Trainee: 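Please see the structure below; I have some questions.
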Amino acid sequence: MKYPHKVIEKKWQKKWEDEKAFVTKEVKGKKKFYCLDMFPYPSGEGLHMGHAFTFSLGDIFARFKRLQGFNVLYPIGYDSLGLPAENAAIKVGTHPLKYTENSIANFIKQQKAMGWSYDWARMLKTSDSEFYKWDQWIFLQMLKKGLAYRKKAPVNWCKKCKTVLANEQVVNGKCWRHENTRIEIKHLEQWYFRITDYADELLSGLDKLDWPERSKKLQRNWIGKSYGTEILFEVNNEKWPIFTTRPDTIYGVTFMVVSAQHSKLFNLVTEKQKSMVEKFLEKIKSVSEKEIQGLEKEGVFTGAYAINPLTKEQIPIYVGNFVLADYGSGMVMAVPAHDQRDYDFAKKYKLKIKEVVFGGNISRSAYIGEGRLINSGKFDGLQNQKAKEKITEYLKKQKLGRKVVQFKLRDWLISRQRYWGTPIPIVYCAKCGIVALTEKDLPIKLPEKVKFGKGNPLETAKMWVNVKCPKCRCKARRETDTMDTFVNSSWYYLRYTDPKNEKVLFDPRKVGYWCPVDQYIGGPEHVTGHLIYFRFYTKFLRDLGILKFDEPALRYFTQGIVHGKDGDKMSKSKGNVVEPFDMIKKYGADTLRLALVSFANPDKDTNWDEKIVESSYNFLNNVYEYFTKLKLGKTDAKIESKLHQTIQQVTQDVEQFKHNLAIIKIRQLFQNFYDKRIDKETAQEFLKMLSIYCPFITEELWSNFGNTGFISLSDWPKANVKKINIRFEKEDLAKDKIVNDILNIIKIVEARKEKKSKVYIYVIPNEKNLYDESEISIRIQKPVKVFAVSDKNKYDPTNKSKNTKPNRPSIYLE
RNA sequence: GCGGAGUUGCUGGAGUGGUCAAACAGGAUGGACUCAAAAUCCAUUAGCUUAGUGCUUACACAGGUUCGAAUCCUGUACUCCGCACCA
């Protein structure tokens, strides 16, 4: 029998909506719970399986907490600014606004079909000027505090597009849209956020978070704190601070390497070397570090020399493709004897190799181990670890260096030469220079009429670009760069608490009630991007005095990826894509939700398997049939024990997102119901547990009991430990054992070609009720008689019953 | 290179010192029901052996700790993921 999922799901979707079942308000004295899924980018393709999975996890948890009596905030929104909308505009000619609106409408329809219990009244779109207005407001605050600043940065530039390209738009060093056009590297002034000011706090704050250990490690790694020494080298009478973790090898420096992307590179290059350097730079394809990786280390001489502050030697400076421009000062001191990279470089260009730490064989390779210093002037003989301190101390005294802390984390470049992002509230005036707009000018809305396809579309909105300077009323131009879309997701969680506030970012009382987020759910790919920015913004807003906490999300769960049947990522080109909406049509949303969390532990990657969907569907069909035909009766003690045991275990499993295990236990409980009567309470407790996974079918069955409210708003069952009795499990074991034994004997006997058709079991009198004749008989498919050994009228021709012992009944077959 | 996760039976996947030849699901095989099929139910699904027993081999591989290991430790192999020339 198939249950009518289409009718049921439509019915309850409408009821929830009509009665605003999941709309939330602050309630004084009621404990809150903020459950948040990372909001999606609304693509034109609609929901994919990854969405279906992660949002189901969020919904299950929100429903669980709601039933547990928390006042649950479970909102949804759309991260609707971003590149794909703009690319669609370029490709198909739709305006990003229209593309976005269509996509969102489609998303909403599908999300409602999945039964996700969002508070739709709080829905947000980042493309809404009432939302991005506050991006601009935060930008202005950053500017005031000196955390937003401009700096030259290398960018990928396509001559034909006349625009900057994102790293992912660079393919093999060429433009994604012009296969024959090589990318050039240009240095443009860009806006940055000084996230590095918070590096230390971002690092230490991790300790108190209940996040998966691996995501914390990833962040620590990304922030990358390291201790070292900054040494001042002199180049053309200018001091260049050079960062090193090996000050002990300062006497072994034989050349320097400056980054090919360094903004001051051409200050160093001599006239004679200029053409060589330029030729070299052309070889470097793009700023993308991905493109740089794997390249052989190469470089050319710049013609300049640096002076080693201790030895006063003249050291040649090379430009190299392997030095990062924005780590340290963009130039490194090379010690080929004790660093493998430097060693390779020195060998390649036949540069001097000077050994300063004793212990290796530098004719073969660099020696990076420990040892005593040699060739190091007055530091000779020192153990190199000791020398690190001594040399640093000495440099400090001479004002030639100091101890420093370095982070891998870099300042956040937020400028994008794109249309579909938040406009930066800045104008450039010929007289006044950079002028920040004021709060009452906000929002600076995106102009609708722009041309796509050539350069930054915003440049084509002349009316919008050309403005008067707010200070001197002279001609001025707006900033045409927009902000990275990660700014939107950095604070959206706060806006959900007060989404329609026109006066302030949010009402502090509302944020005070709901925040921080108690449970955040999203993909592991966001750990080093979004989740760092998200924490940074929170700390910044706290320093601004508008937040009282400093971590946005206390608990975080990363879900695995649902791959295709073949184990590969679902992708159109591989043809292994399964659309959630198709599954809903075929099996219903309840089935899909159940299947998604049955595959495996939700934090692991899994492969799609339609069999699991079918099995989930079968289960729900059975549940539906059982409950629609159910005649209520008394729940026996055994089922009651099982019920309470299940409640206890399922509650624990759900709390830890072990839904696969919880579902197994729910299904096992249901097995116990078969062919039995249960009372209304037992039935309802079962349905409540199932309701977090399968809300539609359980609402329907719940209402069949005459309930008028929603099961979604009822209460989570409580385990009564007193009713759990392990005796029942022992009984089951006893039954399994006797069935096994009988079957084993039959097997042996039949091998001898003997036929047996009746089974007699002899048990000690007080065990008689453990062995149910009809149940055993069904399982072994033969008629069964159970006798107590004390029974005088028992049938026992060979006197088997004399062997009977406790827990070991005797068996006779004939 | 650095960091992380993992390797369980035909398959997916539970299980983190004894109660484990190992949950649950799927598949396969046999049986019940049926004119037949589907659904449902029952059983089997490492091997040998046996009137319900006993034994062997098993949780990537090799060692170790322990009275006792899938589970703890060490090493090896493989897979996956993240960062990646961070000086």
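Quick caveat: nothing in here was measured; it's all calculated off a predicted structure. Throughout, protein chains are lettered first and strands after them, A, B, ... in sequence-line order, and every chain is numbered starting at 1.
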Trainee: Looking at A:Phe322 versus A:Phe345, is the centre-to-centre ring distance below 6.0 Å?
Mentor: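 Between A:Phe322 and A:Phe345, the centre distance is under 6.0 Å.
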Trainee: Between A:Asn601 (CG) and B:A25 (C1'), how many Å, whole number?
Mentor: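 It works out to 15 Å between those atoms.
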Trainee: Choosing from B:A14, B:A51, B:C85, which nucleotide comes nearest the side chain of A:Val749?
Mentor: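 When the side chain of A:Val749 is considered, B:A51 is the closest of B:A14, B:A51, B:C85.
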Trainee: Assign A:Leu661 to base, sugar-phosphate, or nothing according to its heavy-atom contacts below 4.0 angstrom with the strands shown.
Mentor: sugar-phosphate
Trainee: Classify A:Asn740 by what it touches in the nucleic acid, base, sugar-phosphate, or nothing, heavy-atom distance under 4.0 Å.
Mentor: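 Since only primed, P, OP1 and OP2 atoms lie under 4.0 Å of A:Asn740, the category is sugar-phosphate.
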Trainee: Which base, if any, makes a Watson-Crick or G-U wobble pair with B:G17, both distances under 3.5 Å?
Mentor: none
Trainee: Heavy atoms under 4.0 Å, any strand shown: does A:Arg341 hit a base, just sugar-phosphate, or nothing?
Mentor: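 Counting heavy atoms under 4.0 Å across all strands, the contact made by A:Arg341 includes a base.
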Trainee: Which is true for A:Asn607 with a 4.0 Å heavy-atom rule: it touches a base, it touches only sugar-phosphate, or it touches nothing?
Mentor: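 Counting heavy atoms under 4.0 Å across all strands, no contact is made by A:Asn607.
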Trainee: Taking any heavy-atom pair under 4.0 Å as a contact, classify A:Val323: base, sugar-phosphate, or nothing.
Mentor: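 If one applies the 4.0 Å heavy-atom cut-off, A:Val323 turns out to touch a base.
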Trainee: If you look at every strand shown and take non-hydrogen atoms under 4.0 Å, does A:Pro212 touch a base, only sugar-phosphate, or nothing?
Mentor: nothing
Trainee: Return the value, rounded to whole Å, for the distance between atom CD1 of A:Ile745 and atom P of B:G52.
Mentor: 7 Å
Trainee: Mind checking A:Leu743 for me? I need base, sugar-phosphate or nothing, with any heavy atom below 4.0 Å counting as a touch.
Mentor: sugar-phosphate
Trainee: Is it the case that the side chains of A:Glu313 and A:Tyr305 hold a donor-acceptor pair, with the cut-off being a distance below 3.5 Å and no angle test?
Mentor: no
Trainee: A:Glu614 near the nucleic acid: base, sugar-phosphate alone, or nothing, with a heavy-atom cut-off under 4.0 Å?
Mentor: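 If one applies the 4.0 Å heavy-atom cut-off, A:Glu614 turns out to touch nothing in the nucleic acid.
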Trainee: Which nucleotide, if any, forms a Watson-Crick or G-U wobble pair with B:C55, using both distances under 3.5 Å?
Mentor: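 Its partner is B:G47 (Watson-Crick or G-U wobble, both distances under 3.5 Å).
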Trainee: For B:C61, give the paired nucleotide (Watson-Crick: N1-N3 plus N6-O4 or O6-N4; G-U: N1-O2 and O6-N3; both under 3.5 Å), or none.
Mentor: B:G75
Trainee: Between A:Tyr587 and A:His5, do the side chains contain a donor N or O and an acceptor N or O under 3.5 Å apart?
Mentor: no
Trainee: Have a look at A:Lys217 and say if it touches a base, only the backbone sugar-phosphate, or nothing, with a 4.0 Å heavy-atom cut-off.
Mentor: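 Touches sugar-phosphate only.
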Trainee: If we take the C1' atom in both B:U65 and B:G75, what is their distance in whole Å?
Mentor: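 15 Å, rounded to whole Å.
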Trainee: Can you see whether A:Asp344 engages A:Gln340 through a side-chain donor-acceptor pair at a distance of less than 3.5 angstrom?
Mentor: yes
Trainee: In the strands shown, is B:G26 matched to any nucleotide by a Watson-Crick or G-U wobble pair with both distances under 3.5 Å, and which?
Mentor: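 Paired with B:C10.
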Trainee: Taking the C1' atom in each of B:G9 and B:C20, what is the distance between them to the nearest angstrom?
Mentor: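 About 13 Å, rounded to a whole number of Å.
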Trainee: Please find out if less than 6.0 Å separates the ring center of A:Phe670 from that of A:Phe619.
Mentor: yes
Trainee: For A:Phe407 and A:Gln781, take the nucleotide of RNA chain B holding the closest heavy atom to each; which residue's nucleotide lies nearer the 5' end?
Mentor: A:Gln781
Trainee: Which nucleotide in the set B:C42, B:G52, B:A87 lies at the smallest distance from any side-chain heavy atom of A:Ile778?
Mentor: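 Nearest nucleotide to the side chain: B:C42.
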Trainee: How many whole angstroms separate atom CD of A:Glu610 from atom P of B:G26?
Mentor: 15 Å
Trainee: If I pick the P atom on B:G63 and the same atom on B:U79, what distance separates them, to the nearest angstrom?
Mentor: 24 Å
Trainee: For B:C83, give the paired nucleotide (Watson-Crick: N1-N3 plus N6-O4 or O6-N4; G-U: N1-O2 and O6-N3; both under 3.5 Å), or none.
Mentor: B:G1
Trainee: So for A:Arg220 and B:C83, does any side-chain atom that can act as donor or acceptor lie under 3.5 Å from a complementary atom in the base?
Mentor: no
Trainee: What contact category does A:Leu813 fall into here, base, sugar-phosphate, or nothing, at under 4.0 angstrom with non-hydrogen atoms?
Mentor: base
Trainee: Indicate, with a heavy-atom threshold strictly under 4.0 Å, whether A:Ser810 touches base, sugar-phosphate, or nothing.
Mentor: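 Answer is base: heavy atoms of A:Ser810 come under 4.0 Å of a base.
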Trainee: Quick check on RNA chain B: between A:Lys604 and A:Glu814, whose nearest nucleotide comes earlier from the 5' end?
Mentor: A:Lys604
Trainee: When you compare the side chains of A:Ser598 and A:Asn660, does any donor N or O come within less than 3.5 Å of an acceptor on the partner?
Mentor: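 The criterion, which ignores hydrogens and geometry beyond distance, is not satisfied for A:Asn660 and A:Ser598.
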Trainee: For B:A51, take OP1 and OP2 only and decide whether either is under 4.0 Å from a side-chain N or O of A:Tyr812.
Mentor: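 Checking B:A51 against A:Tyr812, no side-chain N or O comes under 4.0 Å of OP1 or OP2.
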Trainee: Taking only N and O in the side chain of A:Arg667, is any of them less than 4.0 Å away from OP1 or OP2 of B:C24?
Mentor: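 No, A:Arg667 has no side-chain N/O under 4.0 Å of OP1/OP2 on B:C24.
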Trainee: For B:A14 and B:A87, measure between their P atoms and round to the nearest Å.
Mentor: 38 Å
Trainee: Are the aromatic rings of A:Tyr760 and A:Tyr795 close, with centres under 6.0 Å apart?
Mentor: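 Close enough - the centres of the two rings lie under 6.0 Å apart.
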Trainee: Indicate, with a heavy-atom threshold strictly under 4.0 Å, whether A:Leu218 touches base, sugar-phosphate, or nothing.
Mentor: sugar-phosphate
Trainee: Quick one: is B:G26 close enough that its OP1 or OP2 comes under 4.0 Å of any side-chain N or O from A:Asn618?
Mentor: no
Trainee: B:C72 and B:U7: how far apart are their P atoms, nearest whole angstrom?
Mentor: 11 Å
Trainee: Take atom C1' in B:A69 and the same atom in B:A58, then report the distance between them in whole Å.
Mentor: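 Rounded to whole Å, the distance is 13 Å.
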